[in-house]
Amino acid sequence: SVFGTHHQRYMAPLWIPDEPLQLMARSQRLTGHYRLTRGILAFKIPGLGHPDLVPLQVIGTVLGSGESSILYQKLRKELRCVYQVDTSVCAELYQGLLIIKYTCDADKRALVEQQLQEHLVQWTLDALDQRAIDKTYRQALITEIDTNRSASELAQHIGWVKINFE
């Protein structure tokens, strides 16, 4: 045996405490002679096992995935106050984050944050329709197909999913 007298054993489950409830907004601003602002807004969301995670991922895609996304259309095309805006969803086991990232001129940061705080919920509700959900599905499918560049990679992945999830 490679490991000699050492035998496999199970470790005690790892306990990760929940982050305390957030009672107020937290922010950090670095000031200086900057021409651009790179801003990040993050919202706590449930973790991997929660049934709301997939709808939140759809919301994240509709809000900020590509030039046709609602945030790009509102903040870049209509208001012309950002150079770039996108969203991502990062989910760990018990909790995650819905993250909005943007880049704008330093003097437009307040306008961008004001627009996001005042209109984000309404923009989301206005944008969520069956057409947007179908588009999100197509984007996910294309990403999955593009990830597997050959038929053998795709077959291997499908086989792995079949073995592990059935």
Original post:
Honestly curious: do Tyr72 and Ile99 fall in one hydrophobic cluster under the side-chain, below-4.5 Å linking rule?
Top reply: no
Original post:
Ignoring hydrogens and geometry, is there a side-chain-to-backbone donor-acceptor pair from Gln73 to Glu67 under 3.5 Å?
Top reply: yes
Original post:
Is any side-chain heavy atom of Asp52 closer than 4.5 Å to a side-chain heavy atom of Ile45?
Top reply: no
Subject >> Result of checking Arg109, Glu113, Gln84 against Tyr102 for side chain to side chain donor-acceptor pair (under 3.5 Å) >> reply: Glu113
Original post:
Does atom CD of Glu118 have more than 12 heavy-atom neighbours from other groups under 6.0 Å away?
Top reply: yes
**OP:** Report yes or no: do Val58 and Leu53 belong to one cluster of Ile/Leu/Val/Met/Phe/Trp/Tyr joined by side chain heavy-atom distances under 4.5 Å?
**Re:** yes
Original post:
So if you build clusters from Ile, Leu, Val, Met, Phe, Trp, Tyr with side-chain heavy-atom gaps below 4.5 Å, do Ile40 and Leu97 land together?
Top reply: yes
Subject >> Non-hydrogen atoms of Leu56 and Pro46 that approach each other most closely >> reply: CD1-CD, 3.5 Å
**OP:** Enter the distance from Lys135:NZ to Asp129:CG here, rounded to the nearest 0.5 Å.
**Re:** 10.5 Å
Original post:
Which atoms form the tightest heavy-atom contact between Cys81 and Cys104, and what is the distance?
Top reply: O-CB, 3.1 Å
Original post:
Which ring-ring contact (aromatic ring centres under 6.0 Å, His included) pairs, counting each pair once, include a residue from residues 25-67, with sequence neighbours left out?
Top reply: none
Original post:
Applying the 4.5 Å side-chain criterion to the ILVMFWY set and letting contacts propagate, would Ile100 and Leu111 be lumped into a single cluster?
Top reply: no
**OP:** Ignoring hydrogens and angles, tell me if any N or O in the side chain of Arg38 forms a donor-acceptor pair with the backbone of Thr103 under 3.5 Å.
**Re:** no
Original post:
Taking Ile59 as the fixed residue, which of Leu63, Thr61, Val62 is the one that meets the side-chain contact (heavy atoms from CB on, under 4.5 Å) rule?
Top reply: Leu63
**OP:** Kindly give the heavy-atom pair with the smallest separation between Thr124 and Leu120, and that separation in Å.
**Re:** OG1-O, 2.8 Å
Original post:
Side chains of Asp126 and Ile70: closer than 4.5 Å at any heavy-atom pair?
Top reply: no
Original post:
Got a second to check how far Leu128's CG is from Trp123's CH2, nearest 0.5 Å?
Top reply: 14.5 Å
**OP:** Give a yes or no on whether Leu79 and Val82 share a hydrophobic cluster (residues Ile, Leu, Val, Met, Phe, Trp, Tyr; joining criterion: side-chain heavy atoms under 4.5 Å apart).
**Re:** yes
**OP:** For side chain to side chain donor-acceptor pair (under 3.5 Å), just list the numbers for Tyr83 and Asp105, CA-CA rounded to whole Å, side-chain angles, deciding distance to a tenth of an Å, and then say yes or no.
**Re:** CA-CA 8 Å; Tyr83 294 112; Asp105 289 327; 2.8 Å; yes
